[in-house]
Each structure stands twice: as C-alpha cells, then as structure tokens.
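First comes the structure, then the notes that go with it.
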Number of protein chains: 2
Amino acid sequence: MKSEKSKEILKFPKATFERLKQYHALLTQLEIEQKQRYILSEEIAEMLKITPEQVRKDFSYLKTSGKPKVGYNISELLAELDELFGIKANDNIIIVGAGNLGSALANYKGFQNIGARVVAIFDKDQEKVGKMVGELMVLPLKDIPRVVRRFHVRTVAICVPEDAAQQVADLLVAYGIKAIWNFSTRILDVPNDVIVQNEDITRGLLSIKHMLAESEKRKYENSEV
Amino acid sequence: MKSEKSKEILKFPKATFERLKQYHALLTQLEIEQKQRYILSEEIAEMLKITPEQVRKDFSYLKTSGKPKVGYNISELLAELDELFGIKANDNIIIVGAGNLGSALANYKGFQNIGARVVAIFDKDQEKVGKMVGELMVLPLKDIPRVVRRFHVRTVAICVPEDAAQQVADLLVAYGIKAIWNFSTRILDVPNDVIVQNEDITRGLLSIKHMLAESEKRKYENSEV
DNA sequence: AGAATAACGTGATATTATTCACAACATACT
DNA sequence: AGTATGTTGTGAATAATATCACGTTATTCT
Ligand SMILES: NC(=O)c1ccc[n+]([C@@H]2O[C@H](COP(=O)([O-])OP(=O)(O)OC[C@H]3O[C@@H](n4cnc5c(N)ncnc54)[C@H](O)[C@@H]3O)[C@@H](O)[C@H]2O)c1
Ligand SMILES: NC(=O)c1ccc[n+]([C@@H]2O[C@H](COP(=O)([O-])OP(=O)(O)OC[C@H]3O[C@@H](n4cnc5c(N)ncnc54)[C@H](O)[C@@H]3O)[C@@H](O)[C@H]2O)c1
C-alpha cells in the first residue's frame, strides 16, 4: 500500500513549505546539540509556537514517520529535509554591491550549511574594485557575465542602494540570471520567469512595531476592564 | 452609515497585514518617484504579482478609498499606512553583536524612514568595546540595562554567533526587553509575552533553491511532453 | 502475555483567505 | 445632458489551511 509515496515527487501546501524551513532550522540546532535522538510533535510545537497537530500534519507529507510515545528521529527527519531543500547540491551565488550589507554577506560562513557558496562580489565604485572583502576581491560590474558563465551562477544577491536596485536588476536579467535575492526595500519589476525573493529587513521591524502596539493595547484594555 | 469605521480600531486578516507591508514599500517608492498621483489596483497587483481583487479587498479594511477609473491617491494611502504602522512615533532600538551584520545594521540609514533609531550597539569582545561603528561607540554588555532604561528601549536586534544567541536572549529577557529581532538562524526559547521576529536570512535562499528546482522541473516536463 | 498508556496519522470539520461576480459610481465622450 | 466606459467596493462562492477527534500502534507496566 501507498506505493506512490516511494518515488513520487512530494507535493505539499505552500504554508507547509514555510514551516518546513523552520523545522529545518530547529532540527539543525538539535542535531548540533546532540542532547536527544528523538523529538515529539508536542516539543517542536512548543518551540515554534504552533500546535502539535500542525506539526504532525506537516510531517505527514514527508516520508519520515514518527513512533507513538517516542516521536521523530531527528537525524532521519533532518536528512529528509536536507534532501528536500537540495542542500547537498551546491549553488554558486554572487553579490552585487560591496557596501555594509554586501560585505557582511560575503563574510558569512553559514552559506555552506545550506548548500550555497558566494563566488564573487561586484561593485560599481572604482575605489572598491580590487579591495578585498573577506576572501574575495571586489570585481567591476563588467566581469559579471564572465563569472556567471564560468561558475554557472543562477542566483544574485542585490545589495546596492535603493535607487540603483532596479537598474542593477535590469542588468542581471539581461545577463540571464534566474533568481534575484533582493535586499533593497524596493519592489523590483522583472520578467515573470525570473524569481525574486525579497529580503527587505525593515519589514520585520514593522511587524515588531505592530505587535508591540497590540500588546500595549491589550495591557491597557485589561487594566480598564 | 458606516459610522464605526471612523474611530474604530481597524482589524484585518493576518494575510492582509503581510501585504500591507508590501503596499507600504511600493507606495513609498512611488511617492519618491513623483511620477503619478494616483494608482490603480491593477497596477499595484501587477507589480506585486497578486490579483487586483486582492488589492481592493485589502484596501477595503482601510479608511482610504479609491475612485472608479482613477484609482487610489498615493499620498493619502501612504499616510494611512504610515499611521497604521506607527512610523511617526520613533522607537529606540539597540543591537547586540558588533560583527559583520550588527555593524551593517548600525550603519544603515533607512531606519528613520520606518520610525526607528539605533541608539547603541554592544559586544562581549573587549577588543571591540570602545571602537566606533558608524557614529556609535561599541559598549560592553553590562551597560545594556542602563541604556535600556535611559532610552526606553523595547526592541533589540540579536546579531551574535549562533551558539551565543540563546544566552543573549535569556539576558535580554531578564533585562525586561519586550521584542527580539533575531538575526541568528536559531529558534529562540523565550517567555510567551516576549515578541520574537525571526530574520533568518538563509531561509530566503532555501526558498530560492526550491523555486529554481521547481522551474527546472517544469522546463524538463515541457520538453518531454 | 495482556492491559494501560501516550503519541502518531489522518479523515472530517471549522476557520481563514482568495476569487468571483456584479452593483455603484466617477469620468469621458457625443 | 445623457450615454458609454472602466474601475471600485463588497457580498457570495470557492479554495486553502488549521484544528478536531479518534482509530492505530509502539512502549511500559503488572
Ligand atoms: N545595511 C543594512 O543593515 C540594511 C538594512 C536594510 C536594507 N538594506 C538595503 O540593502 C542595500 C545595501 O545597503 P548597504 O547598507 O550595504 O549600503 P552601502 O551604501 O553600504 O553599500 C552599497 C554599495 O553598492 C555600491 N553601488 C552603488 N551603485 C551600484 C551599482 N549601480 N552597481 C553596483 N554597485 C553599486 C556602492 O558603491 C556601495 O558599495 C540598500 O538597498 C539598503 O537599503 C541595508
Ligand atoms: N553575516 C551575514 O551575512 C549573516 C547572514 C545570515 C545570518 N547571520 C547570523 O547573524 C549572526 C551574526 O553574524 P555575523 O556575520 O555578524 O557574525 P560575526 O562573527 O561577524 O559577529 C558576531 C559578533 O558577536 C560578538 N559576540 C559573540 N558572543 C557574544 C555575546 N555573548 N554577547 C555579545 N556579543 C557577542 C562577537 O564578538 C562578534 O563581534 C550570526 O548568528 C549569523 O549566523 C549572519
């Protein structure tokens, strides 16, 4: 029974995919800690502030299954998620904009843990070209096509000032880039077949501000009633 | 009619809130460009890759309304969103961890646009304490309570290495911090009344990897059939 | 070994979010 | 002024997601 599950391409709801990334982060840290070999849906739920039913439902889309009274095998689950996210297969990426944020990304050692490697960083500013950022030398924009071809780069992190973001995106699209990791706060206009992942950090603060305002309001209401 | 809408606290679906942040970013850039005074739901939808109906439904939760054949007044809509996110009211925030990412955040000029100001940056490393990061001098951790009290800090950005993130969070909770902006990849364990906003950048790359794999698959399938 | 227990897996149900469909209405045109 | 047009605003219908409820099963206890 359930023979389709073996080789079938796993399909799951979008909402589940978002949580799979969280489970992956959590399981990674549990694997590092080595404190336990199994984990209950209840425990995962508590850490991620969701319900155990949600956790079990999400895992029901995976091959890995849990044992009653014991829980899920951390290594097994993590291995399946690693596989699902394609972490074993390395992706070469490049960064455009060697400023504060671009340099931080270039120095970041954690990309290898998720199957990515920064192979080059570019800047328009002649002052910066030739300087080292971590282990990479800053290259001029004209070298982008060469590096993209040589290293089969599909993904680019855009770390340039707001008002340059769109023109850099246009350039990258012209160079055949498949995915843009957009760290600017701008909404980019690109063809539909180009993937855009917005990483506008400031939006997180807007959420915090809103939640703080909500909790203030609740406190006020409680003291009123 | 609809008298409740005037002073009533606006309530909207969580999914709508997420999009309101996108509308805010988009309208901000349109306001800067000054190319047009009005925008149609159709245009917004195209830029954000959603449907015009979705845009109108979302805006139906706001006080601002559009005009048939003309669209929404950009300034008016942006003003309402600014108000809703509490952008006029400044929030003082601090950063813990003056490394690559913490320094990038400390140097970031855009926080004032969303009603936030970085008032201090802290590090455990004695080598870093006393050094300047942008216009701020790096302070030792013991100064956190004083700064938090003096500047009414409710929000802290955690930019320390993975394995220090939880202990820093514990410290901050003990100091009465209300919201944690977590830039580490770790899932933090904090009391329920403390807000945690995870800004794990690496998750964005996992999404990109997944979407790239999907689009590769589609291409393959199309050439097959 | 058999019974009791606690957690999993999942179909059924409830909730939330999106899309549809169309009346209402501002503008442009004749 | 009256008519045509195109877009808004929103209930109703549909779709997606989360929760519930409970049968199943691995483990522990007697
Ligand atoms: N620094 C942060 O913490 C932070 C936070 C949120 C968002 N952002 C966004 O990230 C982006 C980068 O921020 P930053 O703080 O690193 O800025 P930055 O000014 O430090 O760096 C920008 C770099 O881009 C280069 N550049 C300018 N135009 C270019 C072009 N056309 N092509 C290539 N390179 C070009 C500049 O020479 C500079 O080195 C901005 O859009 C910013 O809004 C940054
Ligand atoms: N740099 C990036 O682009 C990037 C990307 C994704 C995630 N992150 C995450 O952000 C965090 C910071 O990254 P980074 O690249 O800035 O690291 P980093 O090593 O450059 O900086 C970390 C800083 O924290 C300080 N520190 C260490 N322990 C501390 C403690 N207990 N209290 C206070 N300060 C302490 C260190 O002295 C150092 O200055 C990490 O968790 C990292 O995984 C960074």
Side-chain angles (χ1 to χ4, degrees), chain A residues 1-6 8 10-23 26-27 30 36-77 80-81 207 214, chain B residues 1-6 8 10-23 26-27 30 36-77 80-81 207 214:
Chain A
M1 64 215 62
K2 284 202 210 150
S3 60
E4 354 76 41
K5 218 182 179 185
S6 60
E8 192 75 10
L10 286 283
K11 196 71 192 154
F12 36 74
K14 276 190 286 294
T16 292
F17 179 78
E18 288 307 307
R19 283 187 298 272
L20 288 179
K21 290 188 286 184
Q22 296 188 61
Y23 301 136
L26 181 56
L27 292 166
L30 291 172
Q36 48 185 328
R37 282 160 44 79
Y38 286 84
I39 188 163
L40 302 173
S41 60
E42 177 80 40
E43 300 173 284
I44 294 176
E46 202 206 323
M47 289 188 270
L48 299 179
K49 318 254 188 220
I50 56 180
T51 65
E53 293 84 359
Q54 184 73 80
V55 174
R56 295 202 297 276
K57 179 73 104 184
D58 287 337
F59 289 173
S60 76
Y61 296 105
L62 304 178
K63 288 194 288 270
T64 303
S65 55
K67 284 186 197 175
K69 300 193 80 167
V70 178
Y72 299 86
N73 182 298
I74 292 169
S75 304
E76 185 186 354
L77 204 45
E80 184 173 2
L81 290 177
S207 294
E214 286 281 301
Chain B
M1 65 219 63
K2 285 201 214 154
S3 60
E4 356 73 41
K5 219 182 176 183
S6 59
E8 193 75 9
L10 285 286
K11 195 71 194 155
F12 36 71
K14 278 190 285 293
T16 292
F17 179 76
E18 288 307 307
R19 284 188 298 271
L20 289 179
K21 290 188 286 185
Q22 296 187 61
Y23 301 136
L26 182 57
L27 292 166
L30 291 171
Q36 48 185 328
R37 284 162 41 81
Y38 286 84
I39 187 162
L40 302 173
S41 61
E42 178 78 41
E43 300 174 282
I44 294 177
E46 202 206 325
M47 289 188 269
L48 299 179
K49 319 255 190 221
I50 56 180
T51 66
E53 294 83 0
Q54 184 73 80
V55 174
R56 296 202 298 276
K57 181 71 105 182
D58 287 337
F59 289 174
S60 76
Y61 297 104
L62 304 178
K63 289 193 288 268
T64 304
S65 55
K67 285 185 195 177
K69 301 194 81 164
V70 178
Y72 299 85
N73 181 300
I74 292 170
S75 304
E76 186 187 352
L77 205 45
E80 184 174 2
L81 291 176
S207 294
E214 286 282 300

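Here is how names work: the chains are called A, B, and so on, in the same order as the sequence lines, proteins then strands, and each is numbered from 1.
The stretch residues 65-75 of chain A touches DNA chain C through S65(A), G66(A), K67(A), P68(A), K69(A), G71(A), Y72(A), each having a heavy atom within less than 4.0 Å of the strand. For the contact set between residues 36-52 of chain A and DNA chain D, defined by any heavy atom under 4.0 Å, the members are T51(A).
The aromatic rings of Y72(A) and F59(A) sit perpendicular to each other, their planes meeting at more than 60°, with 30° as the lower class boundary.
Heavy-atom minimum distance, A45(B) versus P52(B): CB-N, 3.4 Å. Heavy-atom minimum distance, G71(A) versus Y38(A): O-CD2, 3.8 Å. Contact between K11(B) and Y61(B) at its shortest, heavy atoms only, is O-CD2, 3.7 Å.
No more than 12 heavy atoms of other residues, nucleotides or ligands sit less than 6.0 Å from atom CD of E46(B). Counting non-hydrogen atoms of other residues, nucleotides and ligands closer than 6.0 Å to NZ of K14(B) gives a total of 12 or fewer.
Taking CD1 of I74(A) as the reference point, atom CG of L26(A) lies at 8.5 Å (rounded to 0.5 Å).
The interatomic distance linking E53(A) (CD) with dT15(C) (C1') rounds to 15 Å, in whole Å. A straight line from CZ of R56(A) to C1' of dA6(C) spans 11 Å, rounded to a whole angstrom. Straight-line distance from the CG atom of D58(A) to the P atom of dG9(C): 12 Å, rounded to whole Å.
Side-chain N/O atoms of Q54(A) include none lying less than 4.0 angstrom from OP1 or OP2 on dT17(D). An OP1 or OP2 oxygen of dA18(D) is reached within less than 4.0 angstrom by a side-chain nitrogen or oxygen of R19(A).
Under the 3.5 Å distance criterion, the side-chain polar atoms of E80(B) are matched with a main-chain donor or acceptor of K63(B).
Among the protein residues, K14(B) comes within range of the sugar-phosphate backbone only, with heavy atoms under 4.0 Å from sugar or phosphate atoms but none that close to a base.
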